[in-house]
Participant: 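I'd like to ask some things about the structure below.
Throughout, a chain's letter reflects where its sequence line sits, starting with A, and its residues are numbered from 1. Remember, predicted model here, so these are calculated numbers, not experimental data.
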Number of protein chains: 2
Amino acid sequence: MELDLRLLRYFVAVAQDLHFGRAAARLHISQPALSVQIRKLEHVLGVEVFRRTSRHVELTPAGQAILAEATRTLAAAERTMAVARSAARGKPGHLTVGFVANAVAELTPVILEEFGRRHPHVDIQMKQFAFADPLAGLGNGDADVAFVRPPLRPDPAIEWCPVLDEGRVLILSERHPLAQYPAVTVEMLINEPFVARRAPDEWRDFWLGVDHRDGHAVRIGAEVSTVDECLEAVLTGQGIAFTQSSSQRYYSRPGLAFVAVKGLSGSTAAVAWRRDAATPLVNEFVTAAQNVCRCHNGAPTQFPLR
Amino acid sequence: MELDLRLLRYFVAVAQDLHFGRAAARLHISQPALSVQIRKLEHVLGVEVFRRTSRHVELTPAGQAILAEATRTLAAAERTMAVARSAARGKPGHLTVGFVANAVAELTPVILEEFGRRHPHVDIQMKQFAFADPLAGLGNGDADVAFVRPPLRPDPAIEWCPVLDEGRVLILSERHPLAQYPAVTVEMLINEPFVARRAPDEWRDFWLGVDHRDGHAVRIGAEVSTVDECLEAVLTGQGIAFTQSSSQRYYSRPGLAFVAVKGLSGSTAAVAWRRDAATPLVNEFVTAAQNVCRCHNGAPTQFPLR
DNA sequence: TGCTATCGATAACCCAAAGTTATTGATGAG
DNA sequence: CTCATCAATAACTTTGGGTTATCGATAGCA
């Protein structure tokens with residue numbers, strides 16, 4: 001019996017939510033089918049990857065080790081498809097650019113254009129990642145280069161260079177009482193429910209403004225994985241959230257209000273890449289980004305706080 | 001329709017021998033099944049990967065680009081299996097060591113032992129590669145580290161460090177007239193048919209002793225991909241061949257004779273690794289190899305020429 | 001202790017698709 | 001022009017991944 005990408009996809013899905021029923025739903029198959037396939041995977045691999053009772057599912061140590069490799073394998077397959085798509089469009093070169101939310105805002109198209117002018121034979125695929133992966137695919141090879149927003153977990157394999165500094169603002173329903181204020185302070189928000197990003201701690205905390213709360217715990221009104229989920233939660237009044245100020249121009253929509261927050265630190269956007277996968281094309285892309293933002297003299301582009 | 005490892009395996013097989021019939025035979029399926037699956041792959045990828053008539057099969061430019069990625073994807077899958085096997089044996093760590101022929105001969109087990117003593121939790125998988133891949137899997141991630149034998153095509157991503165220097169000897173059937181000589185010269189072999197290794201030019205030529213032939217063309221008696229095929233060809237008298245002198249101790253078998261060759265340059269064996277995948281484990285392995293052979297002061301272990 | 005809700009495993013069945021053999025049709029060689 | 005080669009097509013068989021229905025184990029709770 002041979003290994004098969006489907007088995008890996010199923011495995012990763014179950015590993016993600018540790019629940020056969022929900023994973024099956026996400027995969028658009030029935031729960032028994034998923035159970036059978038996971039057992040088949042375990043047979044093919046020769047190890048039990050999950051320890052499961054009728055009440056609990058968890059990865060075995062073997063499962064954890066395998067999960068990392070499975071993710072890489074799936075990323076490689078994804079990349080194969082991407083290269084094929086590029087080739088189909090007559091472009092021999094290919095570069096996958098990961099990003100989160102609105103990337104580096106208005107600078108994004110400028111950088112792409114700058115790069116495209118120098119490398120017209122390269123097909124660029126922009127690929128968005130959810131909050132759960134602030135490295136925007138750099139971690140497992142899903143992306144060659146990425147627009148990210150620190151704070152990032154320190155990782156010797158990842159290098160980055162700031163491109164854009166902007167302020168952070170409050171985003172809330174326009175029916176929320178605070179929406180009328182021209183500006184607020186973090187203290188005024190201490191008891192407000194926040195919309196939290198499902199993300200690694202350092203990222204989640206940064207966007208909840210934990211550093212500005214003087215140790216006060218955060219009330220969580222909703223948990224979200226993507227920008228749109230976040231906006232949805234805010235619109236329906238489940239909570240408020242901080243966001244980079246460029247969101248006002250990218251995600252403005254009826255019923256949504258933005259309010260300046262006094263004293264709140266800003267957000268930096270950066271180009272990032274893997275030190276061990278710095279192909280010439282990646283380097284060229286980073287250079288293009290640096291040229292555009294002129295951060296090679298240490299000063300990323302500054303946008304007004306509001 | 002989703003991409004599937006089977007399709008990639010089939011694709012690579014056809015790309016290798018550019019012949020549907022033979023590829024199908026190697027894959028143990030019928031030729032029509034293979035044709036259908038390749039067409040399916042092309043549909044999934046959205047590009048034609050082969051240009052084919054009833055007389056000729058060749059990769060399209062798109063196919064070439066995709067082949068590289070497909071190989072990497074398959075290697076990643078292979079690695080997933082390997083890690084699973086390791087985990088099944090209760091070893092959380094894993095290292096795949098590629099090698100060609102008899103690796104670094106008697107030093108191999110010593111190095112493995114040295115490394116194993118320092119890293120008992122790491123499961124080492126030795127993986128042999130055919131002559132076609134003198135980089136022993138370093139090229140596409142099939143191996144983390146490898147025992148190779150220069151000459152290698154210069155590649156900035158690959159670094160290596162010599163471990164062992166040994167002479168080269170002639171290998172021939174004991175019924176061959178020259179088998180009686182205590183030693184021969186290359187001039188005496190100019191008109192002898194040689195067994196050639198199916199390998200990149202620099203490697204193939206080195207093992208044919210082209211540098212010692214003063215420009216005389218080589219008569220090719222057989223083409224082989226592996227050591228055993230080579231010995232088989234020599235035993236059946238299809239040709240003679242040069243080999244590292246340690247072969248006398250590793251591949252000695254009834255009917256086979258080894259003869260010293262005066263003036264023939266030696267062969268170096270080395271540890272090699274990818275600069276961009278030099279994980280701590282890889283570095284430790286290289287260190288172990290260096291410690292064992294003491295080549296850190298520039299002098300790889302010397303074996304007597306005969 | 002026993003009831004209930006939850007959730008993964010098992011069973012029985014169905015059907016899509018990968019495989020088979022037989023054949024066609026195109027093409028390069030002599 | 002004929003023959004041999006080789007990929008594509010056709011008609012079919014079979015494998016196995018999917019389904020629904022059901023079971024059995026367990027945590028929560030009165």
Side-chain angles (χ1 to χ4, degrees), chain A residues 1-60 62-64 66-67 70 73-74 77 81, chain B residues 1-60 62-64 66-67 70 73-74 77 81:
Chain A
M1 239 178 305
E2 288 278 345
L3 186 57
D4 173 0
L5 288 185
R6 188 183 352 93
L7 294 178
L8 295 185
R9 279 190 263 266
Y10 289 1
F11 168 55
V12 171
V14 176
Q16 276 170 357
D17 35 15
L18 295 175
H19 188 291
F20 279 71
R22 278 191 286 277
R26 272 204 305 149
L27 293 166
H28 307 294
I29 61 172
S30 66
Q31 171 264 313
L34 183 55
S35 283
V36 169
Q37 292 304 311
I38 293 295
R39 287 177 73 83
K40 177 173 175 187
L41 174 72
E42 290 178 326
H43 181 243
V44 169
L45 295 180
V47 220
E48 195 175 51
V49 291
F50 294 116
R51 166 128 326 158
R52 43 207 190 273
T53 68
S54 63
R55 308 300 299 175
H56 200 68
V57 177
E58 63 182 11
L59 279 165
T60 60
Q64 291 171 25
I66 294 165
L67 177 58
T73 305
L74 290 176
M81 291 285 291
Chain B
M1 235 180 304
E2 288 279 344
L3 186 58
D4 173 359
L5 287 184
R6 188 184 351 93
L7 294 178
L8 295 185
R9 280 190 263 265
Y10 289 1
F11 168 56
V12 171
V14 176
Q16 276 171 357
D17 35 17
L18 295 175
H19 188 290
F20 279 71
R22 277 191 285 278
R26 272 204 306 149
L27 294 166
H28 307 294
I29 61 172
S30 66
Q31 170 265 312
L34 184 55
S35 285
V36 169
Q37 292 306 309
I38 293 295
R39 287 177 72 83
K40 176 174 176 186
L41 174 72
E42 290 177 326
H43 181 244
V44 169
L45 294 181
V47 219
E48 194 174 52
V49 293
F50 295 115
R51 165 129 328 160
R52 44 206 189 275
T53 68
S54 64
R55 306 301 299 174
H56 201 67
V57 177
E58 63 182 9
L59 279 165
T60 60
Q64 291 171 24
I66 294 165
L67 177 58
T73 304
L74 291 176
M81 291 285 292

Participant: Mind checking A/Arg55 for me? I need base, sugar-phosphate or nothing, with any heavy atom below 4.0 Å counting as a touch.
Facilitator: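 Base contact.
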Participant: Donor-acceptor check, side chain of A/Arg22 to backbone of A/Asp17, threshold 3.5 angstrom: yes or no?
Facilitator: no
Participant: Would you grab the first and last nucleotide of DNA chain D (5' to 3') that comes under 4.0 Å of any non-hydrogen atom in chain A?
Facilitator: D/dG17 to D/dA27
Participant: Using a cut-off of strictly less than 4.0 Å, decide whether B/Thr53 has a side-chain nitrogen or oxygen near OP1 or OP2 of C/dT27.
Facilitator: no
Participant: What is the distance, to the nearest angstrom, from the CZ atom on B/Phe20 to the P atom on C/dG19?
Facilitator: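 Roughly 14 Å, once rounded to whole Å.
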Participant: Rounding to an integer number of Å, can you tell me how far B/Arg52 CZ sits from C/dG25 C1'?
Facilitator: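 Answer to the nearest Å: 16 Å.
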Participant: With heavy atoms under 4.0 Å as the rule, sort A/Gln37 into base, sugar-phosphate or nothing.
Facilitator: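 Sugar-phosphate contact only.
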Participant: Remember a base hit wins even if backbone is also touched, and classify B/His19 as base, sugar-phosphate or nothing at under 4.0 Å, heavy atoms.
Facilitator: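 Sugar-phosphate contact only - B/His19 comes under 4.0 Å of backbone atoms but never of a base.
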Participant: Quick one: B/Arg9 CZ to C/dA18 P, roughly how many Å, whole number?
Facilitator: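 In whole Å, C/dA18 P lies 14 Å from B/Arg9 CZ.
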Participant: Taking NE2 from A/His56 and C1' from C/dA9, how many angstroms apart are they, rounded to a whole number?
Facilitator: 18 Å
Participant: Side chain of B/Pro32 only, please: which of C/dA5, C/dA9, C/dT21 is the nearest?
Facilitator: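 Selected nucleotide: C/dT21.
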Participant: May I have the distance from B/Arg39 (atom CZ) to C/dA18 (atom P), rounded to whole angstrom?
Facilitator: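 Going from CZ in B/Arg39 over to P in C/dA18 covers 14 Å.
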Participant: How close or far is atom P of C/dA18 from atom CD of A/Glu2, stated in whole angstroms?
Facilitator: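 Going from CD in A/Glu2 over to P in C/dA18 covers 15 Å.
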Participant: Would you call the rings of B/Phe11 and B/Phe50 parallel, tilted or perpendicular, taking 30° and 60° as the class edges?
Facilitator: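 Plane angle between 30° and 60°, so tilted.
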Participant: Could you check whether any side-chain heavy atom of A/Thr60 comes within less than 4.5 Å of a side-chain heavy atom of A/Val47, counting everything from C-beta outward?
Facilitator: no
Participant: Any chance you could lay out the side chain to side chain contact (heavy atoms under 4.5 Å, CB included) test for B/Val57 and B/His19, step after step, and finish with the verdict?
Facilitator: CA-CA 6 Å; B/Val57 177; B/His19 188 290; 6.0 Å; no
Participant: Would you confirm whether A/Glu42, through its side chain, and A/Val49, through its main-chain N or O, come within 3.5 Å as a donor-acceptor pair?
Facilitator: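 Between the backbone of A/Val49 and the side chain of A/Glu42 there is a qualifying donor-acceptor contact (under 3.5 Å).
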Participant: Roughly how many Å is it from CG in B/Leu34 to C1' in C/dA18, rounded to a whole number?
Facilitator: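 The distance from CG of B/Leu34 to C1' of C/dA18 comes to 12 Å, rounded to the nearest Å.
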Participant: Taking NE2 from B/His43 and P from C/dA17, how many angstroms apart are they, rounded to a whole number?
Facilitator: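 Distance, rounded to whole Å: 12 Å.
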Participant: Do B/Ile38 and B/Arg52 have side chains that get closer than 4.5 Å, going by heavy atoms?
Facilitator: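 They are in contact (side-chain heavy atoms under 4.5 Å apart), so the answer is yes.
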Participant: Under 4.0 Å between a side-chain N/O of B/Lys40 and OP1 or OP2 of C/dA17, yes or no?
Facilitator: no
Participant: Tell me which of A/Val36 and B/Ser35 sits closer to the 5' end of DNA chain D, going by the nucleotide each one is nearest to.
Facilitator: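 Mapping each residue to its closest nucleotide by heavy atoms, the 5'-most match is B/Ser35.
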Participant: A/Leu74 versus A/Val12: any side-chain heavy-atom pair under 4.5 Å?
Facilitator: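 Side chain of A/Leu74 against side chain of A/Val12, heavy atoms only: contact under 4.5 Å found.
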Participant: When all nucleic acid strands are considered with a 4.0 Å heavy-atom cut-off, which category describes A/Tyr10: base, sugar-phosphate, or nothing?
Facilitator: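 Here A/Tyr10 touches the backbone only, sparing every base.
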